[in-house]
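Below: one structure, written as structure tokens.
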Amino acid sequence: MADKLIFPKYKRSIVNLMASIMKYYQVHSDYETIEEVDQVLGKSYKHLLLMVFDGMGQLSLKAHLQEDDFLRSYMRSPMESVFPPTTTAAMTSYYTGLAPGEHGWLGWSLPFRDYGGMVDIFPNTNSYDGTPVKTKRIAYRELPYESVYQKIHSAVGEHIEIHTVKPEEIYFPSKGNRHHPARDLKHMKKVIKKITAGDSESFTALYWPEPDASMHIYGPYDKAVKEQIVIINDFVRELGQTLKDTLIIVSADHGQLTITKEVELHLDEEISKMLVIPPALESRCASFFVKGKYLAEFPRAFEKKYGSGFRLYSHEEAKRIQLFGKGKPHPRFDDFVGDYIAVGIDNTLMHYKTIGGKEPHHFKGHHAGMSDEEMLIPLIIIET
């Protein structure tokens, strides 16, 4: 078992940070706000810059930076991610101000019955063989949402310019926001400086895929990850020293932990015969759709073999304890959350390869479980 497990409380998390930002721009949220964020927003800076660095959890950030390094020197008490702590779920919570159970983007791989298969929703590829899905951007079509940017735009009109900045290879819509594809961090810096040099007030949300990408390959505490975090630290420091009348909030979507064990569940004939389809969502938050005749047998068999690494929740229990959030479940919630949910509680990763399907990736670092390394993210506030 991981050193510390954190059950999502949605009291001081991504949705609560977004509740503070929404409140500042006169938009209602059902979630409580974060007091120290409300206090600095109350100073009415001309520009608000929200920067999210993928995978840059609280514990890895503290491991790689000294106390007097720029980002650490501006750290407040940590926040929690949402559950599962993974990019699809967490970033969509940044975009919507809703918990994953409400917005429906619950994990990397979602089963769309209408299309007869599992889809990796960000790259829009078949989860089993990696081929492109013919339906363009299926998740945006099947799981539409009203973004925070649209809500803010409706509330304040043209008075506030709303911008999003992401790497150019990532698709992101412009709805209430003006989107800026960027080549690299240097390009992002130019975009932000141009925005904040303008006459209008602005809210800008930036996303960068490191250090998560390096963590998956090398593990969250490798020197290659430290290099990425130092780059990010220097990037934010240089911006902080040049921008004026700007409130900068820095955080992450989730953290990562080191993977020490991998389970190839497709080789387990006993478990496999009980499943209607391969597991959905994430390798550390697996959704199981079980054949009716095995519903009672499945939890006993799974927990006997894998209970040391995964905590098993029934569909009904996950709803009752509000694992995926406190709001009204999305209409497609039951399509994605199966009869049982297996949540990672130690350093184990679960794979499932279909016959003729793509080989599973072997990661040295991963996320989507319930450890503090995955769930805790920083709250960094810089006033310029």
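For this chain, numbers begin at 1 and follow the sequence in order.
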So, [X] side chain and [Y] main chain: donor-acceptor pair closer than 3.5 Å or not?
| X | Y | result |
| --- | --- | --- |
| Tyr94 | Ala252 | yes |
| Asn347 | Thr260 | no |
| Thr348 | Gly309 | no |
| Lys326 | Lys9 | yes |
| Ser93 | Leu98 | yes |
| Ser60 | Pro220 | no |
| Ser287 | Ile341 | no |

Using only heavy-atom distances, determine whether the side chains of [X] and [Y] contain a donor-acceptor pair under 3.5 Å.
| X | Y | answer |
| --- | --- | --- |
| Asn126 | Thr131 | no |
| Asn16 | Glu32 | no |
| His163 | Glu161 | yes |
| Asp38 | Tyr24 | no |
| Asp54 | His254 | yes |
| Ser214 | Glu210 | yes |
| Ser272 | Glu269 | no |
| Glu262 | His362 | yes |
| His47 | Thr196 | no |
| Asn177 | His153 | no |

Sole residue of Asp120, Leu281, Val119 in side-chain contact (heavy atoms from CB on, under 4.5 Å) with Leu110: Leu281
Could you go through residues 294-303 and list every donor-acceptor pair under 3.5 Å that involves a side-chain atom there, pairing it with any protein atom two or more places apart or in another chain?
{"unit_1": "Arg300", "atom_1": "NH1", "unit_2": "Ala296", "atom_2": "O", "d": "3.3"}

Just say parallel, tilted or perpendicular for the rings of [X] and [Y], cut-offs at 30° and 60°.
| X | Y | value |
| --- | --- | --- |
| Tyr140 | Tyr145 | tilted |
| Phe112 | Phe336 | perpendicular |
| Trp108 | Phe122 | perpendicular |

Are [X] and [Y] ion-paired here, with the side-chain N under 4.0 Å from a carboxylate O?
| X | Y | answer |
| --- | --- | --- |
| Asp69 | Arg72 | no |
| Asp30 | Lys328 | no |
| Glu80 | Arg12 | no |
| Lys353 | Glu264 | no |

Closest contact, heavy atoms only, Val15 versus Ala99: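 Smallest heavy-atom distance, with atoms named: CG1-N, 3.6 Å.
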Lys364, Gln256, Glu373 screened by side-chain hydrogen bond (donor to acceptor under 3.5 Å, both in side chains) with Tyr221, the one that passes: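 Output: one option passes, namely Glu373.
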